[in-house]
Colleague: 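This structure is in structure tokens; I'll ask about it shortly.
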There are 2 protein chains.
Amino acid sequence: MSHQHDAPGECKRSMCPVACTLDIIGDKWTLLLVRDLFAGKKIFSEFQSSPENIPTNILSDRLKRLLAHGIVEKNAYQTHPVRYEYALTAKGKDLGAVLNAMVQWGERHVPGSKALMQP
Amino acid sequence: MSHQHDAPGECKRSMCPVACTLDIIGDKWTLLLVRDLFAGKKIFSEFQSSPENIPTNILSDRLKRLLAHGIVEKNAYQTHPVRYEYALTAKGKDLGAVLNAMVQWGERHVPGSKALMQP
DNA sequence: CCGGATCCGGTCTGATACTG
DNA sequence: CAGTATCAGACCGGATCCGG
């Protein structure tokens with residue numbers, strides 16, 4: 001799908017850590033996947049079944065991107081046909097702090113949102 | 001520009017606080033503006049002069065969106081012609097935690113990013 | 001079925017030009 | 001200076017199709 005190679009380990013827009021981070025996770029779906037991974041989801045269909053209804057092509061693309069950035073890793077849990085499960089790396093788990101900050105902000109400032117996480 | 005009314009105070013995709021928060025700040029530019037506001041920038045041209053080179057139409061749009069969500073407020077610092085300066089509300093200042101988490105993640109995991117903030 | 005890949009219309013982005 | 005206008009091209013998201 002996307003042809004940008006987000007060379008993992010490089011800042012695209014500036015040296016600012018905020019900009020660098022946003023270049024990697026600054027979109028509507030990526031952190032939702034990280035949230036799901038923290039919640040124990042592992043496989044494609046589990047991500048797909050989240051209430052936000054991510055389209056399959058976007059899901060596929062975001063998983064690849066997270067892989068390329070070393071935020072998740074995948075391993076086959078079954079051969080023939082091959083099936084993969086995804087898990088957060090240490091780098092990915094460190095995003096828990098960002099997620100927590102968002103949870104707190106959302107719970108405080110967006111009416112009608114309720115706690116769902118325990119990273 | 002955009003015709004979506006992001007009804008401020010409502011979740012669009014799900015009840016999850018992460019999704020709610022991402023619906024508001026989940027794009028490449030919004031949090032960069034919040035960062036600039038924390039750094040003391042107040043007016044249009046100051047935001048424009050940040051190293052990421054935000055296009056003027058996007059800048060204009062994001063400021064409106066932040067205004068609509070009560071994250072920033074503007075007041076005229078000059079009449080004739082009217083000029084506005086922007087400032088974070090309490091709700092906006094609460095995003096500092098998200099920003100800090102991103103700074104820490106970026107500094108730790110993205111080579112070549114250096115601290116620039118002190119919210 | 002499950003995990004995608006492909007196709008396609010519509011929306012949004014971003015470079016630039018322009019206006020008060 | 002603080003935006004608005006324009007426009008091509010990138011990207012999103014829905015639907016559909018396909019290999020195992």
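As a basis for the values below, the full set of heavy atoms in this structure was taken, side chains included, without hydrogen atoms, waters or symmetry mates. Quick caveat: nothing in here was measured; it's all calculated off a predicted structure. Numbers restart at 1 for each chain; the letters A, B, ... are given by sequence-line order, proteins then strands.
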Colleague: Can you find a heavy atom in the side chain of B/Leu63 that is under 4.5 Å from one in the side chain of B/Lys74?
Modeller: no
Colleague: Under a 4.5 Å cut-off applied to non-hydrogen side-chain atoms, are A/Trp29 and A/Asp61 in contact?
Modeller: no
Colleague: Would you check if there is a donor-acceptor pair between the side chains of B/Glu73 and B/Thr89 at a distance under 3.5 Å?
Modeller: no
Colleague: For C/dG14, take OP1 and OP2 only and decide whether either is under 4.0 Å from a side-chain N or O of B/Trp29.
Modeller: yes
Colleague: Among B/Leu32, B/Ile25, B/Asp27, B/Val72, which residue satisfies the side chain to side chain contact (heavy atoms under 4.5 Å, CB included) criterion with B/Arg62?
Modeller: B/Asp27
Colleague: When you match B/Asn53 and B/Pro81 each to their closest nucleotide on DNA chain C, which lands nearer the 5' end?
Modeller: B/Asn53
Colleague: Distance check needed: D/dG9 C1' versus B/Ile58 CD1, whole Å only.
Modeller: 14 Å
Colleague: Between D/dC1 atom C1' and B/Phe47 atom CZ, what is the distance in whole Å?
Modeller: 14 Å
Colleague: Check the distance between C/dG14's P and A/Asp23's CG and give it to me in whole angstrom.
Modeller: 10 Å
Colleague: Set out, line by line, the N/O atom pairs under 3.5 Å between protein and nucleotides 3-5 of chain C.
Modeller:
from: C/dG3; atom 1: OP2; to: A/Ser45; atom 2: N; distance (Å): 3.3
from: C/dG3; atom 1: OP2; to: A/Ser45; atom 2: OG; distance (Å): 3.3
from: C/dG4; atom 1: OP2; to: A/Tyr86; atom 2: OH; distance (Å): 3.1
from: C/dA5; atom 1: OP2; to: A/Ser60; atom 2: OG; distance (Å): 2.9
from: C/dA5; atom 1: OP2; to: A/Lys64; atom 2: NZ; distance (Å): 2.9
from: C/dA5; atom 1: N6; to: A/Thr56; atom 2: OG1; distance (Å): 3.0

Colleague: Between A/Arg62 (CZ) and D/dC11 (P), how many Å, whole number?
Modeller: 10 Å
Colleague: How many Å lie between CG on A/Leu59 and P on C/dC2, as a whole number?
Modeller: 14 Å
Colleague: Roughly how far apart are A/Leu59 CG and A/Gln48 CD, rounded to 0.5 Å?
Modeller: 6.5 Å
Colleague: Write down the distance between NZ (B/Lys28) and P (C/dT13), rounded to a whole number of angstrom.
Modeller: 9 Å
Colleague: Under 4.5 Å between any side-chain heavy atoms of A/Val98 and A/Val34, yes or no?
Modeller: no
Colleague: Measure from CG on B/Leu32 to P on C/dT13 and round the result to the nearest Å.
Modeller: 14 Å
Colleague: Distance check needed: D/dC12 P versus B/Asp27 CG, whole Å only.
Modeller: 12 Å
